[in-house]
There are 2 protein chains.
Amino acid sequence: MDERRKTYLEAKSRVLKALGHPTRLLIAEELGRGERCVCEFVDMAGVDYSTVSRHLNVLKQAGIIEDEKRGKQVFYSLRVPCVLSFMECIEQVIRTGAEDRMKMIGQDQ
Amino acid sequence: MDERRKTYLEAKSRVLKALGHPTRLLIAEELGRGERCVCEFVDMAGVDYSTVSRHLNVLKQAGIIEDEKRGKQVFYSLRVPCVLSFMECIEQVIRTGAEDRMKMIGQDQ
DNA sequence: AGTATATTTGGCATAATAGCAAAATAAAAG
DNA sequence: CTTTTATTTTGCTATTATGCCAAATATACT
């Protein structure tokens, strides 16, 4: 495998990894409905301000969201909304996984 | 946030997390061209057999790939090929991220 | 049965993540 | 200018992830 591909795989997996956490995925989904300030995620996710702030930074570094300071608050928004289109396929992965496990039970392995 | 959504966010983020590693993303991309045995990934990724085996298990547990033993070898294949369609959007994330960083340099921050 | 090949599993060391609490910043309000 | 509010950063701890080596399994070959 050449170096170029390796670097590119790293870049792409970084984006997926950023979305690979329940709180960060929640943030992305909520931003799909419009911009939000940090405090709203603190309430929704039920975790510390400092924790939310870190998650937001992971998503920002990955290039998925952007921030804008207005007064005392910082508003975040989705920079690349197409990431939300992943959900349909992900739901399919989960659904077919569940179906297969059902079949397995029927066959007693 | 209700319990149902929380559980669902965990399930969905598990799928994304599984793809959020360069070696596992390489595996998924390769399987997009057809089934492969473990040894092929060992060569391509340049990591230990045991390491590849573990990555394959992560993808399998996530419901993304499946395995089939034939003779001495185990062949893996993509169970839900739509995951490869994520790439276009991910490339967009990377591209616009790079562009923005360019602009930043022009503005000296 | 005995050996070779392909893959998985267990054990272990190291690195990366996640979360909280407390301290630091920044802007607005009094 | 002091206080309050919103957010980020730092320090720390606990948990999880990664990767190698060696051992275990499974199947084919002789």
Side-chain angles (χ1 to χ4, degrees), chain A residues 1 6-7 9-28 30-31 34-62 64-77 109, chain B residues 1 6-7 9-28 30-31 34-77 79 109:
Chain A
M1 188 173 43
K6 197 177 155 189
T7 305
L9 280 167
E10 281 163 6
K12 287 187 286 188
S13 61
R14 201 173 310 126
V15 175
L16 288 161
K17 189 176 180 181
L19 292 167
H21 185 284
T23 301
R24 293 194 295 260
L25 192 56
L26 167 68
I27 289 170
E30 282 307 309
L31 292 181
E35 65 170 25
R36 297 272 188 279
C37 70
V38 185
C39 59
E40 294 181 87
F41 300 125
V42 172
D43 291 342
M44 270 192 291
V47 291
D48 204 82
Y49 242 102
S50 59
T51 303
V52 169
S53 186
R54 270 188 204 287
H55 283 308
L56 286 164
N57 192 246
V58 171
L59 289 165
K60 185 181 167 187
Q61 292 308 315
I64 297 166
I65 65 175
E66 58 190 358
D67 58 347
E68 188 193 335
K69 187 152 194 172
R70 290 209 296 278
K72 254 186 303 193
Q73 293 178 302
V74 179
F75 289 90
Y76 282 85
S77 56
Q109 248 198 96
Chain B
M1 189 174 37
K6 196 177 156 189
T7 304
L9 280 167
E10 281 163 7
K12 288 187 284 189
S13 61
R14 203 173 307 125
V15 175
L16 288 161
K17 189 177 179 180
L19 292 167
H21 185 284
T23 302
R24 293 195 294 262
L25 192 56
L26 168 68
I27 289 170
E30 282 307 309
L31 292 181
E35 63 170 27
R36 297 273 188 279
C37 70
V38 185
C39 59
E40 294 181 85
F41 299 126
V42 172
D43 292 341
M44 269 192 292
V47 292
D48 203 82
Y49 242 102
S50 59
T51 301
V52 169
S53 186
R54 287 208 148 94
H55 282 308
L56 287 164
N57 193 246
V58 171
L59 289 165
K60 186 182 167 186
Q61 291 309 315
I64 298 166
I65 65 175
E66 59 191 358
D67 59 347
E68 188 192 334
K69 185 152 194 170
R70 288 207 299 277
K72 255 184 304 194
Q73 294 177 302
V74 178
F75 289 90
Y76 282 86
S77 56
R79 218 171 58 109
Q109 253 196 94

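Across the protein-nucleic acid pair, B:Leu59 atom CG and D:dA17 atom C1' stand 14 Å apart, rounded to whole Å. Across the protein-nucleic acid pair, B:Gln73 atom CD and C:dT8 atom P stand 11 Å apart, rounded to whole Å. Straight-line distance from the CD1 atom of B:Ile27 to the P atom of D:dG19: 10 Å, rounded to whole Å. In this structure, A:Leu16 places its CG atom 15 Å from P of C:dT17, rounding to the nearest Å. In this entry the distance linking OH of B:Tyr49 with P of D:dA24 reads 20 Å, nearest Å. Spacing between atom NZ of B:Lys60 and atom C1' of C:dT7 amounts to 12 Å, rounded to whole angstrom units. Taking atom CZ of residue B:Arg14 and atom C1' of nucleotide D:dT16, one finds them 14 Å apart after rounding to whole Å. Atom CZ in B:Phe75 sits roughly 12 Å away from atom P in C:dT8 (whole-Å rounding).
B:Phe41 comes within 4.0 angstrom of nothing in the nucleic acid, heavy atoms only.
Phosphate proximity of D:dA17 to B:Lys17: present, with a side-chain N or O under 4.0 Å from OP1 or OP2. B:Tyr76 has no side-chain polar atom (N or O) that falls below the 4.0 Å cut-off from OP1 or OP2 of C:dA6. Put simply, A:His55 has no side-chain N or O that comes within less than 4.0 Å of OP1 or OP2 on C:dT17. Listed pair A:His21 / C:dG19 meets the phosphate criterion, a side-chain N or O lying under 4.0 Å from OP1 or OP2. A sub-4.0 Å separation between OP1 or OP2 of C:dA18 and a side-chain N or O of A:Arg24 is present. Using a 4.0 Å cut-off, no side-chain N or O of B:Thr51 falls inside it from OP1 or OP2 of D:dG19.
The nearest heavy atom of DNA chain C to B:Lys69 and to A:Gly20 marks one nucleotide each, and the one closer to the 5' end goes with B:Lys69. Comparing A:Val52 and B:Val47, the nucleotide of DNA chain D nearest to each residue sits closer to the 5' end for A:Val52.
For the atom pair CG of B:Leu31 and CG of B:Leu56, the computed distance is 7.5 Å after rounding to the nearest 0.5 Å. To the nearest 0.5 Å, atom CZ of residue B:Phe75 and atom CZ of residue B:Arg36 are 10.5 Å apart.
At distances below 3.5 Å, not a single donor-acceptor pair connects side-chain atoms of B:Arg79 with backbone N or O atoms of B:Glu66. Side-chain atoms of B:Glu40 come within 3.5 Å of backbone N or O of B:Cys37 as a donor-acceptor pair.
Ranking D:dT9, D:dC21, D:dA28 by closeness to the B:Asp48 side chain, first place goes to D:dC21.
Side-chain atoms of A:Thr23 stay outside donor-acceptor range of the base of C:dA18, with no qualifying N/O pair under 3.5 Å. Side-chain atoms of B:Arg54 come within donor-acceptor range of the base of C:dG11, with a qualifying N/O pair under 3.5 Å.
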Checklist entry - How far apart are the C-alpha atoms of B:Thr51 and B:Val42, what are their side-chain angles, what is the distance that settles it, and do they pass the side chain to side chain contact (heavy atoms under 4.5 Å, CB included) test? => result CA-CA 9 Å; B:Thr51 301; B:Val42 172; over 6 Å; no

